[in-house]
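What follows is a single structure, written as structure tokens, with notes after it.
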There are 2 protein chains.
Amino acid sequence: MVTRERPTLEAVARRAGVSRATVSRVVNGSTSVAAAIREAVTRAVDELGYVPNQAARSLVTQRTESIALILPETANRVFSDDLFFPAIIRGVGVELEAADKQLVLMMAGSAKSHDRVERYAVAGHVDGVMFASMHGDDPLPGNLARLGIPVICSGRPLGSLDHSGPEVPYVDVDHFGGVAAGVRHLVAAGRRRIATIAGPQDMVAGIDRLAGYRATLEEAGLAQHVAFGDFTRESGISAMRTLLADDPAVDAVFAASDMMAHGALIALKDAGRRVPHDVAVIGFDDFEISRYSDPPLTTVRQPITDMGRTMARQLLGLINGEDGLPDAVVLPTELVVRDSA
Amino acid sequence: MVTRERPTLEAVARRAGVSRATVSRVVNGSTSVAAAIREAVTRAVDELGYVPNQAARSLVTQRTESIALILPETANRVFSDDLFFPAIIRGVGVELEAADKQLVLMMAGSAKSHDRVERYAVAGHVDGVMFASMHGDDPLPGNLARLGIPVICSGRPLGSLDHSGPEVPYVDVDHFGGVAAGVRHLVAAGRRRIATIAGPQDMVAGIDRLAGYRATLEEAGLAQHVAFGDFTRESGISAMRTLLADDPAVDAVFAASDMMAHGALIALKDAGRRVPHDVAVIGFDDFEISRYSDPPLTTVRQPITDMGRTMARQLLGLINGEDGLPDAVVLPTELVVRDSA
DNA sequence: CTGAAAGCGCTAACAC
DNA sequence: GTGTTAGCGCTTTCAG
């Protein structure tokens with residue numbers, strides 16, 4: 001594998017019989033170049049197979065034309081069957097594609113990779129950084145922002161209120177409202193022993209959805225039954241078993257993710273309960289699984305892809321120094337009724 | 001969002017009262033620096049929050065310490081519920097993490113993004129490039145290799161034999177053998193009308209699995225029934241319907257992916273067929289769905305994560321100029337028998 | 001063991 | 001319009 005010498009601007013300039021500056025102008029599409037010269041330069045570029053050295057270019061322009069999406073998760077989780085990540089990346093991808101920016105996806109599930117990613121961003125590999133799926137009160141977004149790197153989060157950063165320094169802007173969905181709609185639907189259907197399988201309490205999606213459940217049950221004057229999972233199907237199965245053991249007469253369960261709802265379906269079937277006859281089940285996400293499960297799941301649809309798009313657009317705005325950008329955008333959620341409740 | 005001035009080597013040098021060269025030595029861990037000076041420099045680095053500018057560094061070292069994984073697919077496909085991508089990325093991630101290289105994930109599903117990714121790699125953003133999930137006879141791997149960029153593919157490149165210039169090394173799994181084992185299992189169980197739902201014929205996984213089916217049925221002297229899908233569940237559903245319409249007496253089907261096998265299960269249930277009593281079903285992948293489907297799927301397990309790890313290790317070897325690296329590695333597959341066949 | 005100096009390849013004023 | 005000239009921030013000989 002020979003590392004062939006790559007031609008430089010200088011080489012192209014010599015071949016075309018012009019100066020480096022002129023070649024640079026042509027390569028960067030400046031209009032003020034005579035047609036004849038432009039053509040000569042273009043030919044030289046083609047003949048030599050010239051491609052600008054990005055390191056040299058970035059060194060002077062301070063731009064890389066690429067943008068990072070940082071997922072503080074292990075690859076194991078990012079690429080589990082959790083369709084949150086796909087959806088967010090799809091949305092981000094669409095916007096960056098349109099802006100001709102390169103998306104650089106990075107996972108940072110370990111302390112080591114967390115550091116590496118920070119160095120990567122601070123070292124100037126990218127023009128801006130997006131975060132999704134944050135856990136706890138991660139200092140990284142704030143750190144980068146403080147260094148002057150454009151940053152945006154999907155999902156309200158936890159503890160964003162008690163930090164000094166500039167707030168990190170974010171885009172999120174209305175977890176609370178979606179859960180409230182789902183739980184009210186259960187109440188309206190006459191369910192009275194409504195349990196929930198909550199998500200991890202170090203993530204805003206887990207916290208806000210549980211808050212929605214608690215507030216709505218309180219409003220209805222009903223007792224709360226909470227079990228915890230981590231958004232995966234397996235955790236949904238065991239949480240449902242716990243719930244069933246605690247209260248065999250449970251007649252409804254609101255799961256904070258479709259995967260956990262699917263797990264609940266499996267555990268209920270194992271336990272001989274019929275859905276929705278004995279127990280109603282509602283999920284959250286509206287992923288494909290909710291249409292193919294047995295029975296199809298009633299669920300709360302959240303516009304994850306839109307969240308990704310919005311986040312990307314905001315970040316591009318930040319990078320371009322636009323002003324009047326909102327510090328927070330919250331997208332609506334919607335209850336989708338199917339057979340399970 | 002103030003773009004604060006980042007400190008340079010020069011600033012650190014001034015503060016520590018030494019030369020830039022010395023700071024550079026300390027930062028890069030050179031041993032030949034007096035302990036006292038090293039400490040002074042380290043302190044200055046900390047106080048200033050100095051982080052080396054990667055563009056400047058790359059400009060002289062010709063290294064970026066990051067590696068690209070290029071997926072010639074849209075985000076839509078990469079992050080569908082196809083668990084191939086997750087698995088490969090997990091494997092790659094593990095190896096690169098160990099080598100402290102940054103993984104840069106890029107999707108290139110459109111012609112435009114395909115070009116952008118090529119420019120990105122050629123411009124020297126990364127030290128090496130890995131490809132997965134290639135379609136047709138993609139010239140990109142060969143192009144990059146020809147420019148002296150270390151390249152490796154997961155999945156045997158189609159048309160790799162009739163190109164001039166250096167071959168692109170690859171890692172793949174034994175599609176043919178896995179399918180053959182599955183189909184023989186069906187034959188041994190007494191099935192005689194064995195159909196297949198084949199994958200896309202512009203991908204090596206689609207082509208080789210179909211070849212395995214054809215060869216094994218031929219060997220058994222049985223008739224072939226082929227329908228095509230694109231590895232997704234939806235395509236499995238419609239392919240199964242076609243198969244059923246063409247031959248209502250079909251008694252087995254080998255699907256080239258678990259998702260398509262799951263689709264077949266759904267279509268068969270709709271058609272009132274019992275699995276495996278009326279029709280046996282085998283998938284390919286051994287993803288989680290195959291354990292949770294009804295009935296659980298007999299399937300061919302392929303070590304995708306291992307393929308990712310192996311690919312990453314090979315590439316790191318290439319980058320470091322190791323020799324004796326194989327041009328091709330083929331990992332074994334294995335039939336996993338569950339209830340569906 | 002440390003400093004001085006020469007670029008890496010490119011862009012952007014500034015002249016002409 | 002086009003060329004000349006300074007660097008961007010860093011590593012790396014080469015002297016001392």
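Atom CD of A:Glu10 is surrounded by more than 12 heavy atoms from other residues, nucleotides or ligands within 6.0 Å.
Across every non-hydrogen atom of B:Asp202 and B:Leu158, the tightest pair is O-CD1, 3.3 Å. Between A:Val126 and A:Ala121, the shortest heavy-atom contact is CG2-CA, 4.3 Å.
For the atom pair A:Leu144 CG and A:Ile70 CD1, the distance stands at 6.0 Å (nearest 0.5 Å). Here CG of B:Leu315 is found 9.0 Å from CG of B:Asp127. Values are rounded to the nearest 0.5 Å.
Under the 3.5 Å distance criterion, the side-chain polar atoms of A:Arg119 are left unmatched by any main-chain donor or acceptor of A:His114.
To the nearest angstrom, C1' of C:dT11 lies 14 Å from CD of A:Glu10. Separating the CZ atom of A:Arg6 from the C1' atom of C:dC10 is a distance of 15 Å, rounded to the nearest angstrom. Look at CG on A:Leu9: it is 13 Å from C1' on C:dC8, rounded to the nearest Å.
The stretch residues 46-67 of chain B comes close to DNA chain C through B:Leu59, B:Val60, each having a heavy atom under 4.0 Å from the strand. Within residues 17-26 of chain A, the residues approached by DNA chain D to less than 4.0 Å at the level of any non-hydrogen atom are A:Val18, A:Ser19, A:Arg20, A:Ala21, A:Thr22, A:Arg25, in residue-number order.
Side chains of B:Gln102 and A:His125: a donor-acceptor N/O pair is absent below 3.5 angstrom, by distance only.
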Determine whether B:Glu97 and A:Ser110 satisfy the following criterion, side-chain hydrogen bond (donor to acceptor under 3.5 Å, both in side chains), listing intermediate values before the conclusion. CA-CA 9 Å; B:Glu97 177 103 358; A:Ser110 65; 2.6 Å; yes
